[in-house]
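Sequence lines set the chain letters: A, B, ... in the order given, protein chains first and strands last, and positions in each chain run from 1.
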2 protein chains.
Amino acid sequence: MRETVTAKDVAKLAGVSQSSVSRVYFEGATVSEKTKKRVLDAAEELGYRPNVYARSLITNQSNIIGLVMKGVQNPFYAQVLKRFSSIFKQHGYSILFVYTNNDEIQQEDVETLLNYNVAGVVVTDATMLFSVGEEFKKNHIPLVFFNRKPNTGSFYSVCCNNIDGSRSIAHYLLSKGASELVLITGNVHTSTSIEREKGFCEVLDQQKVSYRKYNSDYTYEGGYQTAMTVLEEKRLPSAFFVANDIMAFGVIDALRKNDVRIPEDTKVVGFDNIAMASWPAYELTTWEQPIEEMIEETVNYLLEEIASYTGFVQDIEVDGKFMERKTT
Amino acid sequence: MRETVTAKDVAKLAGVSQSSVSRVYFEGATVSEKTKKRVLDAAEELGYRPNVYARSLITNQSNIIGLVMKGVQNPFYAQVLKRFSSIFKQHGYSILFVYTNNDEIQQEDVETLLNYNVAGVVVTDATMLFSVGEEFKKNHIPLVFFNRKPNTGSFYSVCCNNIDGSRSIAHYLLSKGASELVLITGNVHTSTSIEREKGFCEVLDQQKVSYRKYNSDYTYEGGYQTAMTVLEEKRLPSAFFVANDIMAFGVIDALRKNDVRIPEDTKVVGFDNIAMASWPAYELTTWEQPIEEMIEETVNYLLEEIASYTGFVQDIEVDGKFMERKTT
DNA sequence: CTGAAAGCGCTTACAG
DNA sequence: CTGAAAGCGCTTACAG
């Protein structure tokens, strides 16, 4: 039924040995042009396709990259997924998509990645236990935290410059004359939220500008609810810094619902610069995460480590840039 | 380095044969409780994990489902991806994510799916050549077109009831007193766009109500541009039927940009009912696609065909429902 | 450059 | 219920 043509069949038809057939399909092996052609012709005729399972069994390698993510609902991650998929495809890798509902990667997900002996892993929007991380190291499987700094052990990570970004945003708002401010954070334990808070508050503390902080969850609904809470307190800040764009949209919608004019009555700044930020409905001032460069850094590292594992680890920060639009 | 503990090692430690170790991990095989325990203990101690490649090589099966999609940018598909991933995970399957840039599945993508001998395939937002489809059939790999009817050969497909939906929308708009209408379609060759157009126009033709048709592309930008074009003609219709929600948002934003009031000056109806449709920024009247049921139908069919292949084929249509909000 | 042969880590009849 | 052995479809030293 399924896939019955083997290298042996091709060998017979081509009049060569099975080893020669194998060499034609194995990168790096040497075969004469003549046998190569005969093999390829025979293979074509029979519809031969090398069995990846037999190959992986022997080489102990795969051409699969594990992509672990939680937040496909946020267009930022949809974009990330899309770009990783097409770039890894160009390099000959397939994507094993591991969706994790929980903040933390589950043991089950790790088993899957190890079972398929993935060549490398990208983890985005999720955390990992120390013991889990060690398993990847033990197996020499390179792993990158994308848009997250690892909270456990040391791993390669690629982020944008969150602290600088949020500092710049603070300076910008102050330059616009903002006095009392509101900060809305994302999920409390994520490095991005922690860093964006840190950079922002650092500047305000230094300048002795007062602000209120609200914890939210990086979702539209979270932003909306949080803004409603702020409004109930009847103390409208002169500006909101919201830790990501999707929450900022929720904030904007809540403000509009209450007839608060933006940017006249208060200002709103997001973080990410997802495509929607430039929609006429929002025209959100935000900080652009350099997705392309971040992905490039991630892919380059993984490919190098796959080619020759060193276990080298570093926290990469790529510079983002300020995008001024109409909410400020 | 990578994964060195084999069934042989476990067998030695447990004092049983390698076959017995294998039987412990192979569903359906019979082993006594006693040997099972000894094997499991030994396996735990050594950190044994069965090699999926060796297994697949012999069984000629995999626990991988291929998920082919193009439009992760549309939140509808992000939701679809998320749900498929978590449901298939529950059933013990992993997801091979195949992102296709082109409307048509590329040969390369098909090779990948066949190479990994996927247990089943879901194709969404993409078309396929006849010859390609036949390859899946030949290999007895079940395939479902999700939210698309196959334009080539016969395959199982799962959609919502597009024609009924768009008919209902037409009736609804007429009942609201709409006279001259505008229809904005999605990608011309997609079954969803064709059907939504068909149902809508059928009713209007029957009632002798005039309308103008514009072809667009199922993207926000496409919707925005198309609405701008409509506005340039200085003949504002009494309502727009836009073939999906994300385009409808573009239409709404373009109308607002031109100070057209919704629903006073004109009305807008979308299709999909993605989460954003209920955002205060849009409050879009639309047709709800019953994603959960559609996914259930897809998964059930695939699991049955995986268990025992019949090649049975059908076009499933699940009933959606009208969602009235504030754009009408 | 090529072939014969061993072996990757499993599953699966086949005996017992 | 269990073990010895064959074999899945490849890669890879090893000779020649």
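Straight-line distance from the CD1 atom of B:Ile58 to the P atom of C:dC8: 14 Å, rounded to whole Å. Between the OH atom of A:Tyr25 and the P atom of D:dT12 there is a distance of 17 Å, given to the nearest Å. Rounded to whole angstrom, the span from the CD atom of B:Gln18 across to the C1' atom of C:dC8 amounts to 12 Å. When the P atom of C:dT11 is taken as reference, atom CG of A:Leu57 falls 11 Å away, rounded to whole Å. Atom pair B:Glu27:CD and C:dT12:C1' shows a separation of 16 Å (rounding to whole Å applied). In this structure, A:Asp9 atom CG and D:dG9 atom C1' are separated by 10 Å, rounded to whole Å. Summarising the geometry, the separation between CG on B:Asn51 and P on C:dC8 is reported as 12 Å, rounded to the nearest angstrom. Atoms NZ (B:Lys8) and C1' (C:dG7) sit 10 Å apart, rounded to a whole Å.
Side-chain contact check for B:Thr35 and B:Ser32: at least one donor-acceptor pair (N or O, by modelled atom type) lies under 3.5 Å. Judged by distance alone, the side chains of A:Asn60 and B:Tyr53 never bring a donor and an acceptor atom under 3.5 Å apart. Donor-acceptor pairing under 3.5 Å is recorded for the side chains of A:Glu305 and A:Thr310.
Heavy-atom distances under 4.0 Å link DNA chain C to A:Thr30, A:Val31, A:Ser32, A:Thr35 of residues 30-44 of chain A, given in residue order.
With sequence neighbours excluded, the residues that form a ring pair (Phe, Tyr, Trp, His ring centres under 6.0 Å) with B:Tyr301 are B:Tyr156. Evaluation of the salt bridge (Lys or Arg N to Asp or Glu O under 4.0 Å) rule for A:Glu108 yields no partner, not counting sequence neighbours. For B:Phe146, the ring pair (Phe, Tyr, Trp, His ring centres under 6.0 Å) partners two or more places apart in sequence, or in a different chain, are B:Phe84. Applying the salt bridge (Lys or Arg N to Asp or Glu O under 4.0 Å) test to B:Glu317 and every residue at least two apart in sequence or in another chain returns B:Lys149.
Remark: A:Tyr53 is not in phosphate contact with C:dT11, judged by side-chain N or O atoms under 4.0 Å from OP1 or OP2. The side chain of B:Thr6 places no N or O atom within less than 4.0 Å of a non-bridging phosphate oxygen (OP1 or OP2) of C:dG9. Dashed line: the shortest gap from a side-chain N or O of A:Ser20 to OP1 or OP2 of C:dG3 is under 4.0 Å. Between B:Arg55 and the phosphate of C:dC10, there is no side-chain N or O to OP1/OP2 separation shorter than 4.0 Å.
Comparing D:dG3, C:dT11, D:dT11 by their nearest atom to the side chain of B:Val16 picks out D:dG3.
Every pair passing salt bridge (charged side-chain N to carboxylate O under 4.0 Å, His left out) that includes a residue from residues 9-38 of chain A is listed here, sequence neighbours excluded: A:Lys37-A:Asp41. Evaluation of the salt bridge (charged side-chain N to carboxylate O under 4.0 Å, His left out) test over residues 71-82 of chain A, restricted to residues two or more places apart or in two chains, returns none. Residue pairs meeting the side chain to side chain donor-acceptor pair (under 3.5 Å) criterion with at least one partner in residues 88-98 of chain A, sequence neighbours excluded, are A:Lys89-B:Asp109. Note on residues 110-127 of chain B: pairs passing salt bridge (charged side-chain N to carboxylate O under 4.0 Å, His left out), not counting sequence neighbours, are A:Arg49-B:Glu111, B:Asp125-B:Arg148. Residue pairs meeting the salt bridge (charged side-chain N to carboxylate O under 4.0 Å, His left out) criterion with at least one partner in residues 61-75 of chain A, sequence neighbours excluded, are A:Lys70-A:Asp103.
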ask   = Dot-bracket for DNA chain C: what is it, with Watson-Crick or G-U pairs under 3.5 Å, [ ] where a pair crosses earlier ones, and | for a pair to another strand?
value = |||.||||||||.|||
Would you tabulate the pairs of protein nitrogen or oxygen atoms and nucleotide nitrogen or oxygen atoms of nucleotides 13-15 of chain D closer than 3.5 angstrom?
from   : atom 1 : to      : atom 2 : distance (Å)
D:dA13 : N6     : A:Arg23 : NH2    : 3.1

